[in-house]
**Q** 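Below you will find the structure I want to go over with you.
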Amino acid sequence: MRARLGAALAMAALIGVGTAGCAFITPQATTKIVEAANGVNGKVGTVDIRNATLISDDGENASLLVTFSNSAKESRALTIQYEADGEKAELTVPVAGNGNTSFGADDETQVVLRGITATAGSLFPVYFQYGDVEGTQLLIPVLTTDFEEYTNLAPTPLPTVTPTPVPSTTPAPTATPEAPAPEATPAP
């Protein structure tokens, strides 16, 4: 009886060690951070950059869809730098203190990057910085409005200005009618 009990305990210990051994050599899946959104995240000083995505249908103009979360009490003037038409371009946006400031979604202000070269599916480099805090560059994915959740989020086109001809300030010369010859009046 003792031998059976000892064998049963030994077998239970082997099964326990055998099944628990996998946990010693297999990495835990919960330790790996996976982005659950289409955009990318970053951080500049006290400002977290959340789910940054560019929406563009033409590859030349893109709306930045992003949320900035500022943990500081003070608001920040965040500078966004990118390459446009072969030169450095920049925009500055206000980021409220102690909260979130979002751009690009329905009923939110659009931040439009104009003059870029970014095809759908590519990653476009954008640099974020404020004050004298060291900035960060993110490679932001470029998506189109073909995705249902991004419908109506592409940049609003700039109005097309059609020049209207302006009349010359000097009027063209016109012919002056000749004065009629005086009529002869009968002599009295």
Side-chain angles (χ1 to χ4, degrees), residues 27-166:
Q28 293 178 342
T30 57
T31 60
K32 184 176 179 183
I33 297 173
V34 177
E35 301 286 342
N38 291 329
V40 294
N41 298 327
K43 185 173 181 72
V44 177
T46 62
V47 178
D48 291 331
I49 304 163
R50 297 288 173 241
N51 199 23
T53 310
L54 290 172
I55 309 299
S56 177
D57 284 333
D58 62 7
E60 297 174 6
N61 301 302
S63 178
L64 178 62
L65 183 63
V66 66
T67 298
F68 298 112
S69 181
N70 185 3
S71 60
K73 188 171 108 175
E74 304 82 22
S75 62
R76 305 286 188 213
L78 188 68
T79 300
I80 301 169
Q81 296 176 349
Y82 60 97
E83 187 174 317
D85 297 324
E87 297 181 13
K88 183 172 78 169
E90 65 180 43
L91 303 165
T92 301
V93 295
V95 177
N98 283 336
N100 297 329
T101 305
S102 296
F103 294 97
D106 290 329
D107 301 325
E108 293 176 346
T109 304
Q110 277 191 331
V111 174
V112 179
L113 283 60
R114 299 202 185 273
I116 65 173
T117 303
T119 57
S122 67
L123 298 174
F124 187 77
V126 179
Y127 185 78
F128 298 90
Q129 198 264 334
Y130 70 86
D132 59 355
V133 174
E134 183 178 346
T136 188
Q137 179 173 305
L138 297 178
L139 294 174
I140 301 178
V142 180
L143 303 174
T144 67
T145 57
D146 290 341
F147 296 100
E148 185 178 334
E149 62 267 27
Y150 301 126
T151 303
N152 300 323
L153 297 183
T156 306
L158 290 174
T160 305
V161 179
T162 306
T164 308
V166 179

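Here the structure is a predicted model, which is why all the values come from computation and not from measurement.
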**Q** Taking all atoms of both residues into account, what is the closest heavy-atom pair of R76 and N70, and its distance?
**A**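 Shortest heavy-atom separation between R76 and N70 comes out as CG-ND2, 3.4 Å.
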
**Q** Looking only at heavy atoms, which two atoms of T53 and Y150 are closest? And how far apart?
**A**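 For T53 versus Y150, the nearest heavy atoms are CG2-OH, 4.5 Å.
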
**Q** Please name the pair of heavy atoms, one in P94 and one in T101, separated by the smallest distance, quoted to 0.1 Å.
**A**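 Here P94 and T101 meet closest at O-CG2, 3.5 Å.
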
**Q** With side-chain contact (heavy atoms from CB on, under 4.5 Å) as the test, would you mind laying out the steps for I49 and V44 before giving the verdict?
**A** CA-CA 8 Å; I49 304 163; V44 177; 3.9 Å; yes

**Q** Would L143 and N38 satisfy side-chain contact (heavy atoms from CB on, under 4.5 Å), going step by step from the backbone distance to the final call?
**A** CA-CA 9 Å; L143 303 174; N38 291 329; 3.8 Å; yes

**Q** For residues P155 and S63, report the shortest heavy-atom separation together with the two atoms involved.
**A**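 Smallest interatomic distance, heavy atoms only, reads CG-N, 3.5 Å.
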
**Q** Between CZ of F68 and NZ of K43, what distance do you get to the nearest 0.5 Å?
**A** 13.0 Å

**Q** Is any side-chain heavy atom of F128 less than 4.5 Å from a side-chain heavy atom of T79?
**A**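 No, too far: nothing below the 4.5 Å cut-off.
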
**Q** Kindly say whether T144 contributes a backbone atom to a donor-acceptor pair with the side chain of D57 at under 3.5 angstrom?
**A** no

**Q** Rounded to the nearest 0.5 Å, what separation is found between the OG1 atom of T136 and the CG atom of N41?
**A**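 So the gap between those two atoms works out to 11.0 Å.
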
**Q** Could you tell me the separation between the OG atom of S75 and the CG atom of N98, rounded to the nearest 0.5 Å?
**A** 10.5 Å

**Q** Side chains of E83 and K88: does their closest heavy-atom pair fall under 4.5 Å?
**A**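 They are not in contact (no side-chain heavy atoms under 4.5 Å apart), so the answer is no.
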
**Q** Side-chain contact, heavy-atom cut-off 4.5 Å: Y127 with Y82?
**A** no

**Q** Is there side-chain contact between L91 and L113, with heavy atoms separated by less than 4.5 Å?
**A** yes

**Q** Hey, does the side chain of E87 reach the backbone of A84 with a donor-acceptor pair shorter than 3.5 angstrom?
**A**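 No.
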
**Q** To the nearest 0.5 angstrom, please state how far the CG atom of L54 sits from the OG atom of S122.
**A**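 These two atoms lie 8.5 Å from each other.
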
**Q** Do you know which two heavy atoms are closest between S102 and T67, and how far apart they sit?
**A**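 Minimum heavy-atom separation between S102 and T67: OG-OG1, 2.9 Å.
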
**Q** Side chains of I55 and T145, heavy atoms from C-beta outward: is any pair under 4.5 Å?
**A** yes

**Q** Would you check if the side chain of E108 reaches a backbone N or O of Q110 as a donor-acceptor pair within less than 3.5 Å?
**A**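 A pair under 3.5 Å: no.
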
**Q** Please name the pair of heavy atoms, one in S69 and one in N100, separated by the smallest distance, quoted to 0.1 Å.
**A**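 Nearest pair, atom of S69 first, then N100: OG-OD1, 2.9 Å.
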
**Q** How long is the straight-line distance from CG of D48 back to OG1 of T46, given to the nearest 0.5 Å?
**A** 8.5 Å

**Q** Measuring from atom CD1 of I80 to atom CG of L64, what distance do you get when rounded to the nearest 0.5 angstrom?
**A**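 Going from the CD1 atom of I80 to the CG atom of L64 covers 5.5 Å.
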
**Q** Hey, are the side chains of L138 and P125 touching, using non-hydrogen atoms and a 4.5 Å cut-off?
**A** no

**Q** State, with a plain yes or no, whether a side-chain heavy atom of L65 is found less than 4.5 Å away from one of L153.
**A** yes

**Q** With a cut-off of 6.0 Å (strictly less than), are more than 12 heavy atoms of other residues, nucleotides or ligands near CD of E134?
**A** no

